[in-house]
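Everything on this sheet refers to the single structure shown next.
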Amino acid sequence: MSLSTELKDDELSIGKLIKKQRKEKGLTQQELAKELNVSAQAVSKWEREICEPDKQLWVKLSKILDIPKKRFACLYEDPADNGDVTVPPGVIAALNTFADALSMVKSDMWGGNSND
């Protein structure tokens, strides 16, 4: 028994739900892609959860595959409103480098301690 048949539709990831519904409708990835005006590779990526469908496609996907529109809402939820923000490590490193460079410029301009 596959994972898709063991879980309820509302428990499946959006990619697995797209695949399940597409197969139940008897559509190939190519046929679904044509209806959505995207590539079959895009559909494949959604189903393999490499990426998610664009917001502009939600209504069409909902109609074609009988997936409730609210299922797509979780893809672009706003972060929790608790003040927490996730910043990728590369951004933090770049900001630290920029702060160090700014500190050196400040020191050179004012001839003083950069920790003022």
Side-chain angles (χ1 to χ4, degrees):
M1 187 176 274
S2 74
L3 177 65
S4 297
T5 56
E6 294 174 14
L7 297 174
K8 297 178 191 170
D9 285 353
D10 63 344
E11 296 173 324
L12 292 173
S13 67
I14 198 66
K16 296 216 182 320
L17 183 57
I18 289 170
K19 183 176 184 176
K20 177 181 176 283
Q21 293 297 100
R22 175 183 60 78
K23 287 185 170 194
E24 283 182 8
K25 299 283 182 191
L27 295 170
T28 65
Q29 288 180 341
Q30 185 67 40
E31 291 167 334
L32 179 58
K34 187 175 180 179
E35 286 194 51
L36 296 168
N37 200 28
V38 298
S39 68
Q41 290 83 0
V43 174
S44 174
K45 287 180 180 181
W46 303 337
E47 292 181 357
R48 291 181 293 136
E49 300 176 348
I50 293 172
C51 63
E52 297 161 339
D54 290 336
K55 215 173 187 177
Q56 300 89 327
L57 298 173
W58 293 357
V59 172
K60 277 186 172 181
L61 273 167
S62 178
K63 287 179 182 175
I64 295 167
L65 300 178
D66 292 325
I67 297 174
K69 286 179 240 164
K70 67 180 182 181
R71 282 303 312 274
F72 294 99
C74 67
L75 299 180
Y76 293 93
E77 285 180 343
D78 292 332
D81 202 0
N82 60 6
D84 291 347
V85 177
T86 303
V87 180
V91 172
I92 293 171
L95 288 172
N96 285 334
T97 301
F98 180 72
D100 291 344
L102 211 57
S103 198
M104 286 190 298
V105 169
K106 178 183 170 188
S107 179
D108 288 346
M109 285 180 70
W110 302 107
N113 187 347
S114 63
N115 293 327
D116 289 341

Looking at CG of L61 and CD1 of I67, how far apart are the two atoms once the value is rounded to the nearest 0.5 Å?
6.0 Å
Working to the nearest 0.5 angstrom, can you tell me the gap between Q41 CD and C51 SG?
11.5 Å
Could you measure the distance from the CZ atom of R71 to the CG atom of L12? Nearest 0.5 Å is fine.
7.0 Å
Between G26 and E31, what is the shortest heavy-atom contact and its length?
O-OE1, 3.7 Å
Using 0.5 Å steps for rounding, measure from the NZ atom of K34 to the OG1 atom of T28.
10.0 Å
side-chain hydrogen bond (donor to acceptor under 3.5 Å, both in side chains) partners of E47, counting only residues at least two apart
R22, Q29
With heavy-atom distances below 4.5 Å as the criterion, would you say the side chains of L65 and L17 are in contact?
no
If you compare all heavy atoms of A33 against all heavy atoms of A40, which two are closest, and at what distance to 0.1 Å?
CB-N, 3.5 Å
Please list, chain by chain and in numerical order, all residues satisfying salt bridge (Lys or Arg N to Asp or Glu O under 4.0 Å) with K25, sequence neighbours excluded.
D66
Is any side-chain heavy atom of L27 closer than 4.5 Å to one of I64?
yes
What distance separates N37 CG from E35 CD, expressed to the nearest 0.5 Å?
11.5 Å
So do I18 and P53 actually touch side chain to side chain, heavy atoms under 4.5 Å?
yes
For N96, does the CG atom sit with more than 12 other heavy atoms under 6.0 Å from it, leaving out its own atoms?
yes
